[in-house]
2 protein chains.
Amino acid sequence: MNISAATDYGMRALLQLTENYLANPEERVTVLEIAEVQKIPVKFLESILRQLQQSGLINSKRGANGGYRLARKPKEISVAMVIRILDGPLIAVKGEKPEDHKYTGSAGNLQEVWIAARVAVREIFEEVTLHQIATGALPAKIKRAIDQPGAWTRRLTI
Amino acid sequence: MNISAATDYGMRALLQLTENYLANPEERVTVLEIAEVQKIPVKFLESILRQLQQSGLINSKRGANGGYRLARKPKEISVAMVIRILDGPLIAVKGEKPEDHKYTGSAGNLQEVWIAARVAVREIFEEVTLHQIATGALPAKIKRAIDQPGAWTRRLTI
DNA sequence: ATATTCCCTATAAAGTTTATAGGGAATTAC
DNA sequence: GTAATTCCCTATAAACTTTATAGGGAATAT
């Protein structure tokens with residue numbers, strides 16, 4: 001299960017826009033500025049920002065002093081929104097939504113496992129907002145998770 | 001985030017082997033039998049089963065009356081093991097492990113969000129075993145998740 | 001011996017992700 | 001009203017991953 005480059009780039013761009021928003025909610029930032037700071041290929045970032053714009057998360061203006069800024073408060077933009085826009089559904093099975101799968105026989109309950117995984121992922125990504133990430137004030141649930149023993153280390157157990 | 005066809009096929013094959021194991025732990029099932037029941041392309045399934053065999057989850061024998069059977073008890077094989085063998089790490093960011101990412105500035109805490117997601121996914125996939133899925137005796141945590149309102153419906157909130 | 005069944009390497013087909021190119025349209029500044 | 005700036009849009013390419021397929025080799029049972 002992979003978080004795409006597009007989502008990672010998009011999140012970083014949005015976090016830069018959040019920083020900018022918290023300093024001055026009216027001011028805009030250009031694609032070029034974000035691309036330089038975050039070291040993201042300009043044309044790729046352009047298409048990412050356009051998707052975020054068309055979904056209503058950010059707001060654009062052309063011309064001199066143009067650029068992008070957040071269209072909502074940073075507290076009203078979750079990680080889940082960004083993933084769904086740039087990467088599609090949080091969890092897919094063979095490219096389809098988990099609830100669309102039909103299993104038979106001994107595999108009958110497999111679907112429930114995929115659904116449970118989706119619930120778990122939703123509980124993280126739908127709860128965390130740009131504001132929390134930018135300010136470092138992550139929810140208690142997240143803090144608890146990242147403080148767990150082994151959270152930061154690879155697990156190879158087979 | 002996608003559960004690959006390989007993982008889905010592998011899980012279904014293993015669940016069929018589990019059913020077989022619970023009836024008679026010595027008996028073997030051929031690739032062809034599994035492919036027919038589960039409707040999986042034979043040659044693709046062959047390569048999946050070989051990976052599971054080389055990782056020690058199943059056990060093979062050639063020749064007449066040959067085939068595959070589980071190499072461990074169904075209670076000792078988790079979904080996480082299968083995903084790691086067939087799909088790689090449970091969560092990757094831009095193809096790399098989340099802990100290998102370095103973020104700066106306002107994106108500094110982004111890594112913690114990815115790590116928290118990995119913890120959440122681990123808590124599901126490392127806990128659920130073939131035995132639980134085959135018998136329908138899923139852990140309470142899973143049951144609670146799939147009974148949650150909205151667990152089975154798509155979420156479009158942007 | 002022969003039939004069966006897994007083992008292995010190489011390769012192809014399809015699909016997705018990650019870009020890149022090039023020009024168009026709006027906006028501002030002068 | 002002209003030039004500079006900046007986002008907008010479509011098409012395409014490059015790279016990579018996933019999903020297979022082909023063909024023959026090696027072990028096993030009878």
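Letters A, B, ... mirror the listed sequences (proteins, then strands); counts begin at 1.
- Using a 4.0 Å heavy-atom distance criterion, Val31(A) is classed as a sugar-phosphate-only contact.
- Boundaries of the chain B contact region on DNA chain D are dT19(D) to dT30(D), first to last in 5' to 3' order (nucleotide atom under 4.0 Å from a heavy atom).
- Spacing between atom CZ of Arg69(A) and atom P of dT27(C) amounts to 13 Å, rounded to whole angstrom units.
- Residue Gln51(A) is out of contact with every strand shown, counting any heavy-atom pair closer than 4.0 Å.
- Between Leu45(B) atom CG and dT5(C) atom C1' there is a gap of 13 Å when expressed in whole angstrom units.
- The separation between Glu33(B) atom CD and dT4(C) atom P is 13 Å, rounded to whole Å.
- Within the structure, ring pair (Phe, Tyr, Trp, His ring centres under 6.0 Å) pairs that include any residue of residues 17-75 of chain B comprise Tyr9(B)-Phe44(B) (at least two apart or interchain).
- The main-chain N or O of Thr129(A) is found under 3.5 Å from a side-chain atom of Gln132(A) such that the two form a donor-acceptor pair.
- Side-chain contact of Glu126(A) with Ser78(A): a donor-acceptor pair under 3.5 Å is absent, judged by distance alone.
- Of the charged side-chain nitrogens involved, none lies within less than 4.0 Å of a carboxylate oxygen, so that Lys143(B) and Asp147(B) do not count as a salt-bridged pair.
- Regarding Arg62(A), its CZ atom lies at a distance of 18 Å from the C1' atom of dA29(C), rounded to whole Å.
- Lys43(B) places its NZ atom 17 Å from the P atom of dA13(C), with the value rounded to the nearest Å.
- With rounding to whole Å, Asn2(B) atom CG is found 10 Å from dT16(C) atom C1'.
- Nearer the 5' end of DNA chain D, as judged by each residue's closest nucleotide, is the contact made by Gly63(A), out of Leu49(A) and Gly63(A).
- Among Leu14(B), Asn59(B), Leu57(B), the single residue meeting the side chain to side chain contact (heavy atoms under 4.5 Å, CB included) criterion with Leu70(B) is Leu14(B).
- Place Glu46(B) and Asp87(B) on DNA chain D by their nearest nucleotides, and Asp87(B) ends up nearer the 5' end.
- A salt bridge is absent between Glu27(B) and Arg69(B): the closest approach of a Lys/Arg side-chain nitrogen to an acidic carboxylate oxygen does not fall below 4.0 angstrom.
- A pairwise comparison of heavy atoms in Leu86(B) and Ala6(B) identifies CD1-O, 3.5 Å as the closest pair.
- Atom CG of Leu86(A) and atom P of dT18(C) are 10 Å apart (whole Å).
- Asn65(A) has a side-chain polar atom (N or O) that falls below the 4.0 Å cut-off from OP1 or OP2 of dA29(C).
- Summary of the strand contacts: Phe44(A) and Lys61(B) both lie near DNA chain C, and taking for each the nucleotide with the nearest heavy atom, the more 5' one is attributed to Lys61(B).
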